[in-house]
Amino acid sequence: MLIEKHSSIRAHDPTLSVPHAVSPDRRELAQGMVRVNHLYRSALKMAVAQLEILDEEFASMYDHSPIHHIEYRIKTLDSIIDKLERRGLAVTIDNIYAHIQDVAGVRVICNYLDDIYYMRRLLTRTESFGIKREADYIKEPKDTGYRSLHLILDVPIVISEGTLHLPVEVQLRTIAMDMWASLEHELRYKSDRAFSESDAARLRLCSEAISEIDREMQNIYLGEQPEYYA
């Protein structure tokens with residue numbers, strides 16, 4: 001199964017080099033950011049490696065894989081700073097570690113609803129990863145209509161000083177949920193047209209329709225009786 005890699009997990013990012021002509025405080029912050037980037041990329045590698053192992057097993061040994069494809073990313077420094085400032089927090093290295101849980105993020109796109117919860121069981125069955133936080137926006141969608149299962153995994157990495165545990169956010173959603181989320185974000189935030197309350201209501205209706213499609217597609221796959229009749 002092809003795994004789509006939407007960003008390279010590089011150990012070093014040249015855009016994070018520390019400039020020389022800065023104040024000592026800013027230089028210390030910049031150096032800290034370089035280490036943040038390295039550590040979270042390492043944690044992301046660990047999480048993605050486990051998913052790749054599972055994906056290869058499904059592809060070689062089973063008729064069905066719950067994984068359609070995988071995407072991952074490291075949050076940009078501008079985005080990290082913006083999130084801290086929106087929360088009224090000082091831009092410090094300590095606050096990044098303490099308050100930003102999604103510096104490293106993985107999105108697992110599944111074929112069917114049951115695949116999402118099966119993947120959750122597989123990811124949390126290993127002794128390496130523990131769940132720090134979980135939000136099920138499939139059983140209880142957001143007011144916008146957004147649906148996905150969010151996990152914050154506690155991922156251990158071995159570094160020169162010892163073993164460090166860092167959070168990695170894993171989002172699990174179906175192909176249909178991912179389509180809705182991508183277009184909703186485009187319409188709400190990226191489109192030049194004004195986004196209205198009427199648009200928001202229509203998107204919620206689309207989310208409900210997509211949820212019904214997800215259930216029916218799963219019923220077809222399982223050979224169960226239809227919930228909807230032509």
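No experiment lies behind these values; they were computed from the predicted model shown.
Side-chain heavy atoms closer than 4.5 Å link hydrophobic residues (I, L, V, M, F, W, Y) into clusters, and following such links, possibly through other members, connects Y118 to F129. Both L122 and L149 are members of a single hydrophobic cluster when ILVMFWY side chains are connected at heavy-atom separations under 4.5 Å. V108 is not connected to Y137 by any chain of hydrophobic side-chain contacts under 4.5 Å among Ile, Leu, Val, Met, Phe, Trp and Tyr, and they are in different clusters. Side-chain heavy atoms closer than 4.5 Å link hydrophobic residues (I, L, V, M, F, W, Y) into clusters, and following such links, even through other members, never connects I157 to I152. In the hydrophobic clustering of ILVMFWY residues, with side-chain heavy atoms under 4.5 Å counting as a link, L183 and I213 come out apart.
A donor-acceptor pair is defined here as one N or O able to donate and one able to accept, closer than 3.5 Å; such a pair exists between the side chain of R87 and the backbone of H99. The backbone N or O of L84 sits nowhere less than 3.5 Å from a side-chain atom of N95 that would complete a donor-acceptor pair. Counting only distance, with no hydrogens or angles, the side chain of T124 and the backbone of R120 share a donor-acceptor pair below 3.5 Å. With Q101 contributing its side chain and E169 its backbone, the two residues share no donor-acceptor pair below 3.5 Å. D154 places no side-chain N or O within donor-acceptor distance of the main-chain N or O of I131, the cut-off being under 3.5 Å.
A distance of 14.0 Å separates CZ of R173 from NE2 of H68, quoted to the nearest 0.5 Å. To the nearest 0.5 Å, atoms CG (D136) and CG (L172) are separated by 10.0 Å. Note that OH of Y97 is 4.5 Å distant from CG of L39, once rounded to the nearest 0.5 Å. The distance from atom CD1 of I175 to atom CE of M217, rounded to the nearest 0.5 Å, is 8.0 Å. Residue L54 holds its CG atom at 9.0 Å from OG of S65, rounded to the nearest 0.5 Å. Here the CD1 atom belonging to I96 is positioned 11.0 Å from the CG atom belonging to L89, to the nearest 0.5 angstrom.
Counting heavy atoms from C-beta outward, V48 and K45 have side chains that stay 4.5 Å or more apart. Using a 4.5 Å heavy-atom cutoff, the side chains of N219 and Q225 are not in contact. I67 is listed as a side-chain neighbour of M119, based on a closest heavy-atom distance under 4.5 Å. Taking 4.5 Å as the limit, every side-chain heavy atom of V170 sits out of range of all side-chain heavy atoms of E134. Side-chain contact between L123 and L51 is present, with heavy atoms from C-beta onward closer than 4.5 Å. Contact of the I116 side chain with the M177 side chain is registered, since non-hydrogen atoms from C-beta on lie closer than 4.5 Å. Side-chain contact between Y146 and S207 is absent, with no heavy atoms from C-beta onward closer than 4.5 Å. Annotation: side chain of L153 is not in contact with side chain of K132 (no heavy-atom distance under 4.5 Å).
Within 6.0 Å of atom CD in E197, 12 or fewer heavy atoms from other residues, nucleotides or ligands are found, so the atom counts as exposed in its surroundings.
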Apply salt bridge (charged side-chain N to carboxylate O under 4.0 Å, His left out) to K83 and D102, showing your working. CA-CA 11 Å; K83 194 164 190 175; D102 63 342; 3.1 Å; yes
Could you walk me through whether E85 and V91 satisfy the side chain to side chain contact (heavy atoms under 4.5 Å, CB included) test, starting with their C-alpha distance in whole Å, then the side-chain angles of each, then the deciding distance to 0.1 Å, before giving a yes or no? CA-CA 7 Å; E85 290 177 342; V91 180; 4.1 Å; yes
Could you walk me through whether E208 and R147 satisfy the side chain to side chain contact (heavy atoms under 4.5 Å, CB included) test, starting with their C-alpha distance in whole Å, then the side-chain angles of each, then the deciding distance to 0.1 Å, before giving a yes or no? CA-CA 10 Å; E208 292 170 8; R147 299 168 193 262; 3.9 Å; yes
Just do the side chain to side chain contact (heavy atoms under 4.5 Å, CB included) check on L113 and T174 with the steps written out, would you? CA-CA 6 Å; L113 283 168; T174 64; 4.2 Å; yes
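The ring of H64 has its center no closer than 6.0 angstrom to the ring center of F58.
Inspection of the D199 and S196 side chains reveals an N or O donor paired with an N or O acceptor under 3.5 Å. In summary, the side chains of D114 and Q218 do present a donor paired with an acceptor at a separation below 3.5 Å, with no hydrogens or angles considered. Residues Y112 and R215 bring no donor and acceptor atom of their side chains to less than 3.5 Å of each other.
Closest approach of W180 to G145, counting heavy atoms only: CH2-C, 3.6 Å. Heavy-atom minimum distance, P167 versus A104: O-CB, 4.4 Å. Here the shortest heavy-atom pairing between V155 and A43 reads CG1-O, 3.7 Å. Closest approach of S128 to P156, counting heavy atoms only: O-CD, 3.1 Å.
The only option from L44, V36, N37 that meets the side chain to side chain contact (heavy atoms under 4.5 Å, CB included) definition with Y40 turns out to be V36.
Taking the charged nitrogens against the carboxylate oxygens, E184 and R188 do have a contact shorter than 4.0 Å, which makes a salt bridge. A salt bridge is defined here as a Lys NZ or Arg NE, NH1 or NH2 lying under 4.0 Å from an Asp or Glu carboxylate O, and E161 with R35 meets this definition. Using a cut-off of 4.0 Å between Lys/Arg side-chain N and Asp/Glu carboxylate O, R204 and D143 are scored as not salt-bridged.
Under a cutoff of 6.0 Å and an axis angle of 45°, K139 and Y117 form a cation-pi pair.
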